[in-house]
Number of protein chains: 2
Amino acid sequence: MPPATRWLDDEEQQAWRSYLRAVRLLDEQLRRGLEQHQLSHPEYEILVWLSESPGRALRMSELAQGVLNSRSRLTHTVNRLEGAGWVLRRSCPADGRGVECVLTDSGYTVLQAAAHTHVEGVRRYLLDPLTRKEFLALGASLAKVADAMDPSGRRTT
Amino acid sequence: MPPATRWLDDEEQQAWRSYLRAVRLLDEQLRRGLEQHQLSHPEYEILVWLSESPGRALRMSELAQGVLNSRSRLTHTVNRLEGAGWVLRRSCPADGRGVECVLTDSGYTVLQAAAHTHVEGVRRYLLDPLTRKEFLALGASLAKVADAMDPSGRRTT
DNA sequence: CTAGAGTAGATGAACTTTCAACTTGTAGAG
DNA sequence: CTCTACAAGTTGAAAGTTCATCTACTCTAG
């Protein structure tokens, strides 16, 4: 039998509920923005990571780590993106097992349009309701939270 | 053609990435906690809402609103919960179309165990890395964000 | 009382995600 | 060299989610 549960007090409870609600609602809004460009959130993130990588290309495993997807899930999603012509696969010169995923020009074009919508959404729903100070404090807190769970994923600076 | 994209500046960008990373990682940790009790996050939330409702029962539609699910999704999820014996359905006395979903004793027992694990997870991964002040500030900010998107869902007090 | 519009919920097909194999290739030990 | 262990990626089935549609009931206007 586990020890008695240390419940959250009222203030904590309320903060936690706000977290759940905000995350849910924001996700929904951003999803709506991306769907205007025929992209899901996971797909969008893949395009973003590729676009920021040297040569607009990444090994499948690196990409999977970046977007926090399982390799299997990434395979399926990249299949869809490849079908749409937004990325392509080529085998990795250095490692015979490896596969590189490359962002195509067409993919880059779609990404630019989608990124515009997406950033506007983030601004409207997350930045605008807060002061700059509040937003940065939120970011700093969540950085601590994330680093506590996955120190390796920390972004330098 | 849309107007030029107003990108996030470096600090904002970093805060946004921290948000994404923290939310993803936290979700994953809490999912692992719940799966020890054979519950998914959506299922868990349904049990929580039922347990807090008068008579441990709610109309399907009210429940759907509470957990921010579509009615269809709720139907499927409640099917699973009913199969496990944790909730049951009974037709609504007042409205012939309506269905009430009731938490069973067995469901309540499962919920208590799951809630223990879940709260410990929230503490460990979200509260503990932050000071109380930081956590409450985070909650307050996210409450503003949520209310901006869905004023109706606001919790009084 | 009854026709039409609207609400509650269920259903099944399409799609996405997860999980456990499976294939192919690398690398180190002997 | 070649065996074994492991890493990269894919595959297909099971589980979960979404979407359009369907049935049953309520409510209001005439």
Side-chain angles (χ1 to χ4, degrees), chain A residues 23-24 27-36 38-47 49-50 57-84 86-102, chain B residues 23-25 27-47 49-50 57-84 86-102:
Chain A
V23 168
R24 273 280 208 331
D27 212 64
E28 173 63 15
Q29 292 295 342
L30 296 179
R31 195 191 58 67
R32 273 207 264 279
L34 288 177
E35 95 185 343
Q36 296 170 1
Q38 336 296 338
L39 279 175
S40 68
H41 208 116
E43 289 167 347
Y44 174 74
E45 284 206 14
I46 288 170
L47 298 188
W49 275 79
L50 289 176
L58 275 179
R59 292 281 297 264
M60 290 295 278
S61 295
E62 296 173 312
L63 187 48
Q65 272 206 303
V67 300
L68 299 177
N69 277 189
S70 67
R71 294 201 308 288
S72 163
R73 177 174 173 179
L74 183 65
T75 292
H76 290 301
T77 309
V78 164
N79 285 343
R80 292 191 284 273
L81 291 172
E82 196 172 24
W86 295 330
V87 306
L88 54 82
R89 276 184 247 236
R90 66 181 175 217
S91 60
C92 186
D95 185 339
R97 296 164 299 182
V99 171
E100 268 188 349
C101 185
V102 194
Chain B
V23 168
R24 272 279 211 327
L25 291 168
D27 213 64
E28 173 61 14
Q29 292 295 344
L30 297 179
R31 196 191 57 67
R32 274 207 264 277
L34 288 177
E35 96 187 340
Q36 296 170 2
H37 304 275
Q38 335 297 338
L39 278 176
S40 67
H41 208 116
E43 289 166 346
Y44 174 74
E45 284 207 14
I46 288 171
L47 299 188
W49 276 79
L50 289 177
L58 275 178
R59 290 283 298 265
M60 290 294 279
S61 296
E62 295 172 312
L63 188 48
Q65 272 206 302
V67 299
L68 299 177
N69 278 189
S70 66
R71 292 200 309 291
S72 164
R73 178 173 173 180
L74 183 64
T75 292
H76 290 300
T77 308
V78 166
N79 285 343
R80 292 191 284 275
L81 291 172
E82 197 173 23
W86 295 330
V87 305
L88 54 83
R89 276 183 246 238
R90 65 178 177 220
S91 59
C92 187
D95 185 337
R97 298 163 299 182
V99 170
E100 266 189 350
C101 186
V102 195

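We name chains A, B, ... by the order of the sequence lines, and we start the count at 1 in each one.
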Tabulate below the donor-acceptor pairs under 3.5 Å that side-chain atoms of residues 29-39 of chain B make, not counting sequence neighbours, or state none.
{"from": "Gln29(B)", "atom 1": "OE1", "to": "Tyr125(B)", "atom 2": "OH", "distance (Å)": "3.4"}
{"from": "Arg31(B)", "atom 1": "NE", "to": "Glu28(B)", "atom 2": "OE1", "distance (Å)": "3.3"}
{"from": "Arg31(B)", "atom 1": "NH1", "to": "Glu35(B)", "atom 2": "OE1", "distance (Å)": "3.0"}
{"from": "Arg31(B)", "atom 1": "NH2", "to": "Glu28(B)", "atom 2": "OE2", "distance (Å)": "3.2"}
{"from": "Arg32(B)", "atom 1": "NH1", "to": "Glu28(B)", "atom 2": "OE2", "distance (Å)": "2.8"}
{"from": "His37(B)", "atom 1": "NE2", "to": "Thr117(B)", "atom 2": "OG1", "distance (Å)": "2.6"}

Worksheet item: Starting at CZ of Arg90(B) and ending at P of dG9(C), how long is that distance when rounded to a whole Å?
Response: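 Between P of dG9(C) and CZ of Arg90(B): 13 Å.
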
Practice prompt. Indicate the atoms forming the closest heavy-atom contact of Trp49(A) with Leu63(A), along with that distance.
Written response: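 Trp49(A) and Leu63(A) have their closest heavy atoms at CB-CD1, 3.8 Å.
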
Fill in: Minimal non-hydrogen separation, Leu74(A) against Ala64(A), with atom names
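For Leu74(A) versus Ala64(A), the nearest heavy atoms are CD2-N, 3.6 Å.
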
Worksheet item: Does Glu82(B) reach the main-chain N or O of Arg89(B) with its side chain, forming a donor-acceptor pair under 3.5 Å?
Response: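 The answer is yes, because a donor-acceptor pair under 3.5 Å joins these two groups.
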
Between protein and nucleotides 15-17 of chain C, what N or O pairs are separated by less than 3.5 Å?
{"from": "dT17(C)", "atom 1": "OP1", "to": "Arg73(A)", "atom 2": "NH2", "distance (Å)": "3.2"}
{"from": "dT17(C)", "atom 1": "OP2", "to": "Arg80(A)", "atom 2": "NH2", "distance (Å)": "2.9"}

Which atom pairs link the protein and nucleotides 21-25 of chain C when you take only N or O atoms and keep those under 3.5 Å?
{"from": "dG25(C)", "atom 1": "N2", "to": "Arg97(A)", "atom 2": "NH1", "distance (Å)": "3.3"}

Item to complete: Let me know, please, whether Leu74(A) or Arg31(A) comes out on the 5' side of the other along DNA chain D by nearest nucleotide.
Response: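 The answer here is Leu74(A).
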
Discussion item. Classify Arg89(A) by what it touches in the nucleic acid, base, sugar-phosphate, or nothing, heavy-atom distance under 4.0 Å.
Written reply: sugar-phosphate

Worksheet item: Rounded to the nearest 0.5 Å, what separation is found between the CZ atom of Arg59(B) and the CD atom of Gln65(B)?
Response: 11.5 Å

Practice prompt. Compute the angle between the rotation axes at the two ends of the helix from dC1(C)-dG30(D) to dG30(C)-dC1(D), each taken over five pairs, rounded to 10 degrees.
Written response: 10°

Worksheet item: Which residue pairs satisfy the side chain to side chain donor-acceptor pair (under 3.5 Å) criterion with at least one member in residues 68-77 of chain B, sequence neighbours excluded?
Response: Thr77(B)-Arg80(B)

Worksheet item: Of Arg59(B) and Ser70(A), whose nearest nucleotide on DNA chain C comes first from the 5' end?
Response: Arg59(B)

Item to complete: Please list, in 5' to 3' order, the outermost nucleotides of DNA chain D lying under 4.0 Å from any heavy atom of chain B.
Response: dG16(D) to dT26(D)

